Amino acid sequence: MEEHYDPQEIELKWQKRWEKKNLFRVTESAQKSKYYLLEMFPYPSGKIHMGHVRNYSIGDVLARSLRMKGVNVLHPMGWDAFGLPAENAAIKNNTHPARWTFDNIRTMRSQLKRLGLSYDWDREVASCHPGYYRWTQWLFLKMLERGLAYRKMALVNWCGSCQTVLANEQVEGGCCWRCGQPVGQKEVEGWFLKITEYAERLLKGCDELTDGWPERVLVMQRNWIGKSVGAEVSFSVEGDSEEIRIFTTRPDTLYGATFMILAPEHPMVKQLVAGTPQKAQVLEFVQQVAREDRLLRTAETTEKRGVFTGRYALNPLTGDAIPVWVANYVLLEYGTGAIMAVPAHDQRDLEFARKYGLPVRVVIHPPEGELDEKTMTDAYLETGTLVNSGSFNGLGNEEAQGKIISYLEAKNIGRGAVNYRLRDWGISRQRYWGCPIPVVNCPGCGVVPVPYDDLPVILPLDVPVTAEGGSPLARDSRFVNISCPCCGGPARRETDTMDTFICSSWYFDRYTSPRFEQAPVDTQAIRYWMPVDQYIGGIEHAVLHLLYARFFTMVLKDLGLIHVEEPFLRLLTQGMVIKDGAKMAKSKGNVVDPDAIIKRYGADTARLFILFAAPPEKDLEWSDQGVEGSHRFLQRLWRLVQQHRDRLTGADLPTNGTGKLPESLGQLRRRTHLTVKRVTEDLGGRFHFNTALSAIMELVNDLYRFDFEAQNSPETAGVLREALEVCLQLLSPFAPHLADELWEHLGHTSCLIEHPWPTWDPACIEAHEHLIVLQVNGKVRGRLTVKPGTPEEEIRRLALENDRVQRWTEGKAVKKIVVVAEKLVNVVIG
RNA sequence: GCCGGGGUGGCGGAACUGGUAGACGCACGGGACUUAAAAUCCCGGGUCCCUAAAGGGCGUGCGGGUUCGAUUCCCGCCCUCGGCACCA
């Protein structure tokens with residue numbers, strides 16, 4: 001009898017052996033079909049947490065099973081290594097961000113290796129390595145060349161705690177995505193990427209991804225892009241040469257525009273009020289709104305307030321003079337920052353009109369009922385017929401939209417227009433630990449790109465990182481002062497660094513040729529591996545990373561670097577790891593350290609539990625007892641193999657079907673093949689790891705219950721060997737170390753991942769008999785077994801003769817009999 | 001408010017195209033082994049009625065519908081989680 005199951009010993013043994021054999025290294029191969037399996041690379045924050053274990057265990061099951069199925073699987077790992085936590089930790093612990101980062105990478109890499117994950121570590125990348133960020137800078141310069149990167153002064157999100165600008169996507173409910181502190185507004189000059197230019201493509205792509213991506217992620221992305229179709233219309237101002245441009249989604253209500261509103265920040269406000277009696281009051285109002293909390297101001301419940309500017313505009317269709325107001329509910333950043341107010345058909349405008357006694361004019365009449373513009377309190381938003389609309393009267397309002405747009409275009413006072421909620425991506429960060437933006441600011445030449453040959457612009461490591469605020473790079477004169485690449489005169493380097501989300505927007509491309517020296521990617525390798533066939537990661541990146549990565553892929557495609565429009569064919573968003581009803585988090589004190597679990601039970605148990613406790617996309621409730629249970633199962637399998645080792649020496653696998661075997665043995669063989677089928681189907685396509693495991697558990701239970709002493713024959717040994725081998729093969733993607741160890745106990749000298757995935761023999765699966773459920777009026781009343789191929793007539797007769805059925809049908813007229821082949825008979829009585 | 005998930009035993013979860021609801025696991029109860037306990041192995045279990053067995057009623061958030069038959073399809077609600085939200 002073999003020694004006790006000792007996970008520590010066997011796991012290290014097999015990890016070493018796999019590494020020595022280079023089992024996970026892959027190269028392009030025209031003979032094999034490829035599969036690019038990617039899990040989101042981690043931020044090296046210190047140690048891995050259960051969320052990582054879950055993410056990477058899910059990936060590893062797929063990677064290993066696909067390899068066994070003969071697929072060429074690219075399964076890489078790396079580090080999203082630039083970012084604020086490194087800098088903050090460095091300040092706090094008086095160390096260097098690079099030091100902190102690389103120490104963490106070392107720790108976390110060894111933790112991932114301890115989990116037995118099948119990565120090709122030769123392809124490891126770290127985004128903070130010059131060999132990587134050189135190409136991040138290269139891509140930035142290409143975008144600069146194409147006008148996709150630009151610099152502007154803008155009102156941006158400012159996190160006072162992190163002392164840096166944030167992109168819109170990085171503000172969650174008014175707070176910083178990283179530190180959770182409230183985000184303010186600040187006028188700052190910085191760099192932007194024109195993601196808005198790709199809004200339509202990003203939107204269209206969402207439709208292509210419906211098969212492979214979760215619906216909710218696509219919905220979030222569509223919401224975020226926020227496309228609105230309508231018209232842009234110019235309103236002339238009485239006594240002024242300038243016009244006010246507005247965007248509306250309801251050109252059909254243009255006749256109902258009875259006043260206009262500008263955002264308080266609108267650049268025209270100052271000139272409009274110049275010389276009016278209202279000037280002081282308006283400017284006071286503008287100042288007042290500017291001081292208000294942004295989050296509060298944009299809340300729906302906030303009271304609408306405004307002031308009259310003293311000026312009038314002309315409704316371009318009615319010719320009426322309508323008052324121009326300034327109000328808090330109109331936002332500068334959406335549309336043109338000005339609106340036409342149609343109180344009869346917009347709830348917000350109606351509330352505003354009622355409050356300030358402004359006129360209401362109904363221009364759409366409902367199919368039934370009346371609208372009274374004097375008393376109505378709910379704006380009419382439904383479809384209807386145009387009234388009070390000149391020559392458009394009588395048209396359906398939807399039809400009128402197009403007609404009015406055509407009219408505006410003909411008169412040159414407006415045009416059909418599309419507006420997006422999506423804003424350009426602000427990428428400047430006023431911090432140190434990021435990828436330097438490779439440009440030079442020259443007093444004579446302006447913004448000058450660093451020549452490609454001079455890349456990378458190295459992030460100097462000997463810069464003191466302090467908490468005093470402002471970019472540490474700006475204080476390093478050796479970094480800042482440079483001669484202009486264009487004119488040779490004195491110039492200053494850009495000291496902002498890039499948002500780390502840029503680094504993570506193309507890392508998956510780099511994995512295909514991680515050490516390539518001539519370009520960010522080797523076209524050959526990209527052609528072979530991209531797109532990513534399956535991407536796995538947390539839902540928290542539904543908009544952020546996943547939107548940015550899609551944008552970058554489209555840019556790379558336009559640059560001719562890649563052939564695909566979308567980077568990730570299929571996306572699996574794994575659920576969170578929950579304990580005591582809340583997400584595991586240090587702040588909540590409910591964290592379970594993966595190291596502790598591995599130390600106590602081994603990596604196989606940790607992986608098994610996390611894959612068994614819940615389907616991958618759902619939240620997983622951590623359970624110490626559940627972990628015990630998973631560990632018990634592995635021990636149970638261990639004992640089963642030890643118990644039968646002697647019996648199996650020299651046993652040959654059964655060859656043909658189950659027909660010649662004794663009944664119970666044939667049954668066992670059938671169960672074995674059924675298990676192969678179930679597990680294979682649960683892993684392929686639908687990622688039901690929990691049910692795949694329960695199928696394996698059932699087979700193990702069957703083996704425990706089988707009386708091998710009563711049927712001690714070479715045949716029995718053969719069937720048993722097959723069953724055990726199948727168990728190990730099927731289990732190997734989940735618990736690879738234990739599987740390989742027991743595989744060796746069964747006399748094999750190779751690793752399971754080198755073996756093909758088992759197949760099931762349809763002949764073995766064929767049932768010797770079918771269980772027929774007998775129903776009367778849809779309720780189960782009895783059961784019946786029949787031989788396969790029993791004619792329907794016979795089954796019908798047996799069902800009617802069945803005494804359990806007769807108990808219910810006695811004295812009743814049989815109205816109908818439904819027979820489902822091999823499954824069920826339902827007798828319908830009156 | 002709009003959009004998207006999700007409501008199944010004490011708990012995590014099964015049931016792939018409508019066909020035995022509750023697989024598998026946890027917790028629990030019983031038995032075997034043991035001087036005893038732990039470990040292990042075997043058995044049990046939705047709920048109510050019935051002394052028990054046999055048998056039956058009710059059961060997948062609620063109310064209807066379609067169907068021989070509904071956790072599954074349709075209609076109308078309720079609850080819950082997540083996203084967006086004064087977006088013109």
Side-chain angles (χ1 to χ4, degrees), chain A residues 172-173 214-224 226-228 230 246-250 253 257 261 263 297-304 327-331 333-342 345-349 351-352 419-421 539-540 542-543 573 575-576 578 608-609 612-615 617-630 632-633 635-636 639 678 681-682 685-686 688 690-698 700-701 704-705 771-783 804 807 815-820 822-829:
Chain A
E172 296 170 347
E215 183 60 23
R216 61 174 174 154
V217 175
L218 294 174
V219 167
M220 281 191 234
Q221 294 218 349
R222 286 194 193 103
N223 281 349
W224 190 262
K227 180 179 181 176
S228 301
I246 61 103
F247 173 77
T248 178
T249 53
R250 296 294 304 277
T253 64
I261 305 177
R297 176 180 159 195
T298 53
E300 202 172 358
T301 46
T302 300
E303 201 197 344
K304 293 165 184 53
N328 62 343
Y329 75 97
V330 175
L331 309 170
E333 61 270 22
Y334 188 78
T336 60
I339 63 160
M340 63 171 193
V342 185
H345 306 291
D346 183 287
Q347 191 58 33
R348 296 156 298 175
D349 296 347
E351 283 167 27
F352 193 80
N419 198 53
Y420 299 93
R421 209 189 76 108
I539 187 75
E540 66 272 18
V543 175
T573 49
M576 293 183 297
I578 304 285
L608 195 73
F609 166 72
F612 179 64
E617 66 282 355
K618 286 188 72 172
D619 286 349
L620 179 149
E621 175 79 34
W622 184 266
S623 155
D624 291 330
Q625 285 166 327
V627 177
E628 291 273 359
S630 294
R632 257 199 308 266
F633 168 72
Q635 287 180 310
R636 195 166 145 86
R639 279 192 302 269
R678 282 174 66 185
E681 287 172 353
D682 280 350
R686 39 177 249 170
H688 288 200
N690 52 338
T691 51
L693 282 167
S694 67
I696 300 172
M697 288 172 178
E698 281 181 64
V700 169
N701 289 345
Y704 263 93
R705 283 169 205 149
L771 179 72
I772 307 287
V773 172
L774 304 178
Q775 296 183 334
V776 178
N777 282 0
K779 286 191 192 293
V780 179
R781 299 301 182 187
R783 285 169 185 82
R804 293 183 160 281
R807 196 182 300 186
K815 291 209 298 200
K816 189 176 175 184
I817 302 173
V818 181
V819 182
V820 181
E822 301 177 0
K823 267 193 180 153
L824 155 150
V825 178
N826 188 12
V827 181
V828 186
I829 57 171

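All values reported here derive from a predicted model rather than from experimental measurement. Labels below follow one simple rule: chain letters A, B, ... track the order of the sequence lines, proteins then strands, and each chain is numbered from 1.
Residues A:I339 and A:D346 fail the side-chain proximity criterion, which asks for heavy atoms closer than 4.5 Å. For the pair A:M340/A:T253, a side-chain contact is recorded, criterion being any heavy-atom separation below 4.5 Å from C-beta on. A 4.5 Å side-chain heavy-atom check between A:R781 and A:V827 finds every atom pair outside the cut-off. Looking at A:R636 and A:V700, their side chains come closer than 4.5 Å, going by heavy atoms from C-beta outward.
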Tabulate atom names and distances for all N/O pairs under 3.5 angstrom spanning the protein and nucleotides 68-70 of chain B.
unit_1: B:C68; atom_1: OP1; unit_2: A:K816; atom_2: NZ; d: 3.2
unit_1: B:C68; atom_1: O2'; unit_2: A:N826; atom_2: ND2; d: 3.2
unit_1: B:C68; atom_1: O2; unit_2: A:N826; atom_2: ND2; d: 2.5

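Within the model, atoms OG1 of A:T691 and CZ of A:R686 stand 5.5 Å from one another, a figure rounded to the nearest 0.5 Å. From A:I817, atom CD1 reaches atom CD of A:Q775 across 13.0 Å, with rounding to the nearest 0.5 Å. Between the CZ atom in A:R678 and the OG atom in A:S694 there is a gap of 5.5 Å [rounded to 0.5 Å]. Taking CD1 from A:I772 and CD from A:E822, the interatomic distance works out to 7.5 Å, rounded to the nearest 0.5 Å. Atoms CG and CD1, from A:N701 and A:I696 in turn, are 12.0 Å apart once rounded to the nearest 0.5 Å.
When the C1' atom is used for both B:G22 and B:C3, the distance is 33 Å, rounded to whole Å. Straight-line distance between the P atoms of B:A27 and B:C16: roughly 28 Å, to the nearest whole Å. Distance noted for atom C1' between B:C24 and B:A15: 12 Å (whole Å). Nucleotides B:G31 and B:C81 place their C1' atoms 44 Å apart, quoted to the nearest Å. Here the separation of B:C2 from B:G19, taken at their P atoms, is 34 Å to the nearest Å. Between the P atoms of B:G64 and B:G13, the separation comes to 30 Å (whole Å). Going from the C1' atom of B:G4 to that of B:U40 covers 48 Å, rounded to whole Å. Taking atom P in both B:G83 and B:G12, the straight-line distance is 22 Å, to the nearest Å.
Taking 3.5 Å as the limit, the base of B:U40 and the side chain of A:R639 contain no donor-acceptor pair of atoms between them.
A donor-acceptor distance shorter than 3.5 angstrom exists from the side chain of A:N328 to the backbone of A:E303, with no hydrogens or angles considered. Side-chain atoms of A:N419 never come within 3.5 Å of backbone atoms of A:S228 as a donor-acceptor pair (strictly under, hydrogens ignored). A:N777 places a side-chain N or O within donor-acceptor distance of the main-chain N or O of A:I829, the cut-off being under 3.5 Å. Within the 3.5 Å criterion, the main-chain N or O of A:M576 finds a donor-acceptor partner in the side chain of A:D619.
Rounded to a whole Å, the CG atom of A:D682 is 11 Å from the P atom of B:C16. When rounded to the nearest whole Å, the span between CD of A:Q635 and P of B:A38 equals 17 Å. Atom CD in A:E617 sits roughly 12 Å away from atom C1' in B:G6 (whole-Å rounding). The distance from atom CD of A:E215 to atom P of B:G6 is 11 Å, rounded to the nearest whole Å.
Residues satisfying the ring pair (Phe, Tyr, Trp, His ring centres under 6.0 Å) test with A:Y329, not counting sequence neighbours, are A:F352.
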Expected string for nucleotides 53-59 of chain B under the B/S/- scheme (protein heavy atoms, under 4.0 Å, primed atoms plus P, OP1, OP2 as sugar-phosphate) is --SSSS-
A correct 5'-to-3' footprint of nucleotides 22-29 of chain B, with B, S and - meaning base, sugar-phosphate only and no protein heavy atom under 4.0 Å, is -BBSSS--
Going 5' to 3' through nucleotides 80-88 of chain B, assign each nucleotide B (protein heavy atom under 4.0 Å from a base atom), S (under 4.0 Å only from sugar-phosphate atoms) or - (no protein heavy atom that close).
---BSBBBB
May I have the step-by-step check of side chain to side chain contact (heavy atoms under 4.5 Å, CB included) for A:R804 and A:L774, ending in yes or no?
CA-CA 9 Å; A:R804 293 183 160 281; A:L774 304 178; over 6 Å; no
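Counting only Watson-Crick and G-U wobble pairs whose two distances sit under 3.5 Å, RNA chain B takes part in these stems of three or more pairs: B:1-7 with B:78-84, B:10-12 with B:24-26, B:28-32 with B:40-44, B:46-49 with B:55-58, B:61-65 with B:73-77.
Residue A:P214 is out of contact with every strand shown, counting any heavy-atom pair closer than 4.0 Å. Within the nucleic acid shown, A:F633 has no heavy atom closer than 4.0 Å to any nucleic acid atom.
Syn is the conformation of B:G9, whose glycosidic angle sits no further than 90° from 0.
In the model, A:R421 has no side-chain atom that pairs as donor or acceptor with a side-chain atom of A:N223 under 3.5 Å.
Of the two residues contacting RNA chain B, namely A:R783 and A:K618, the nearest-nucleotide position lying further toward the 5' end is that of A:K618.
Smallest separation of non-hydrogen atoms from A:V627 and A:W622: CG2-CZ2, 3.5 Å.
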